[in-house]
Amino acid sequence: MNNIISKISEIEASAASIMEAAAQRKKDYARETEEKKAAFDRELEAQTDAELGRLRAAMEEEAQKQLDAQRREADDTIRRMEENYQRRHVQYVENLFQSMTKG
């Protein structure tokens, strides 16, 4: 009978040891999973930041190109207006004078 009780006690001790090992493996797995999740989150955030930076730079470059084009167009318009004025300012003055003196 002592032999049976001893075997049962050994089985219980073995079962308790297995349960403790399983609980420890569960904790280790949870910790490992959490570390992998945190690393994934950090990598994803870094990739997102890099992509946002790339998009921001591309948008700023495009905006600068548009501003430069508008500036060139405005400069060209001003240049053409000045040339027109230089060619015709005498005629403009005469027309203005005629319109003021007729009335």
Side-chain angles (χ1 to χ4, degrees):
M1 185 65 132
N2 273 346
N3 195 17
I4 294 175
I5 293 173
S6 175
K7 287 290 183 185
I8 291 173
S9 180
E10 285 178 27
I11 292 171
E12 285 180 353
S14 179
S17 176
I18 290 170
M19 294 299 287
E20 285 176 19
Q24 185 60 46
R25 281 196 307 267
K26 183 178 175 182
K27 286 179 186 177
D28 292 344
Y29 179 73
R31 179 185 45 77
E32 186 178 310
T33 301
E34 188 60 35
E35 288 173 358
K36 286 180 180 179
K37 178 184 172 278
F40 176 79
D41 288 346
R42 285 190 302 272
E43 183 179 335
L44 183 61
E45 185 174 350
Q47 289 175 350
T48 301
D49 288 346
E51 182 65 14
L52 285 174
R54 187 189 67 74
L55 289 172
R56 185 176 296 113
M59 289 175 62
E60 287 174 358
E61 182 179 345
E62 182 60 29
Q64 188 61 49
K65 285 179 183 178
Q66 289 178 357
L67 284 172
D68 290 345
Q70 289 175 350
R71 189 172 294 117
R72 284 189 304 272
E73 288 176 23
D75 289 346
D76 187 53
T77 301
I78 290 169
R79 181 190 52 76
R80 284 184 284 119
M81 290 173 73
E82 286 176 350
E83 287 173 359
N84 186 40
Y85 173 79
Q86 291 302 323
R87 282 193 313 266
R88 299 186 176 159
H89 72 280
V90 173
Q91 183 63 41
Y92 292 150
V93 170
E94 288 178 13
N95 289 344
L96 181 59
F97 181 74
Q98 291 297 324
S99 69
M100 292 174 61
T101 58
K102 283 184 182 178

Test side chain to side chain contact (heavy atoms under 4.5 Å, CB included) on Asn84 and Arg80; report intermediate values, then the result. CA-CA 6 Å; Asn84 186 40; Arg80 284 184 284 119; over 6 Å; no

With side chain to side chain contact (heavy atoms under 4.5 Å, CB included) as the test, would you mind laying out the steps for Asp76 and Arg72 before giving the verdict? CA-CA 6 Å; Asp76 187 53; Arg72 284 189 304 272; over 6 Å; no

Are Thr48 and Glu45 close enough, and set up right, to give a side chain to side chain contact (heavy atoms under 4.5 Å, CB included), and what steps lead you there? CA-CA 5 Å; Thr48 301; Glu45 185 174 350; 5.6 Å; no

With sequence neighbours excluded, give me every side-chain hydrogen bond (donor to acceptor under 3.5 Å, both in side chains) pair touching residues 8-30. Gln24-Asp28

For Asp68 and Lys65, run salt bridge (charged side-chain N to carboxylate O under 4.0 Å, His left out): C-alpha distance rounded to whole Å, both residues' side-chain angles, the deciding distance at 0.1 Å, then the answer. CA-CA 5 Å; Asp68 290 345; Lys65 285 179 183 178; over 6 Å; no

Pairwise side-chain contact, Asn3 with Lys7, heavy-atom cut-off 4.5 Å (strictly under): yes

Could I get the full list of side-chain contact (heavy atoms from CB on, under 4.5 Å) partners for Gln47, not counting sequence neighbours? Glu43, Leu44

Identify whether the distance between the nearest side-chain nitrogen and carboxylate oxygen of Arg56 and Glu60 falls below 4.0 Å. no

In Arg87, Met81, Gln86, the residue satisfying side-chain contact (heavy atoms from CB on, under 4.5 Å) with Glu83 is Arg87

CD/Glu32 to CD/Glu35 distance, rounded to the nearest 0.5 angstrom? 7.5 Å

Spacing of Gln91 atom CD and Glu94 atom CD [to the nearest 0.5 Å]: 5.5 Å

Got a salt bridge between Glu51 and Arg54, using NZ or NE/NH1/NH2 to carboxylate O under 4.0 Å? yes

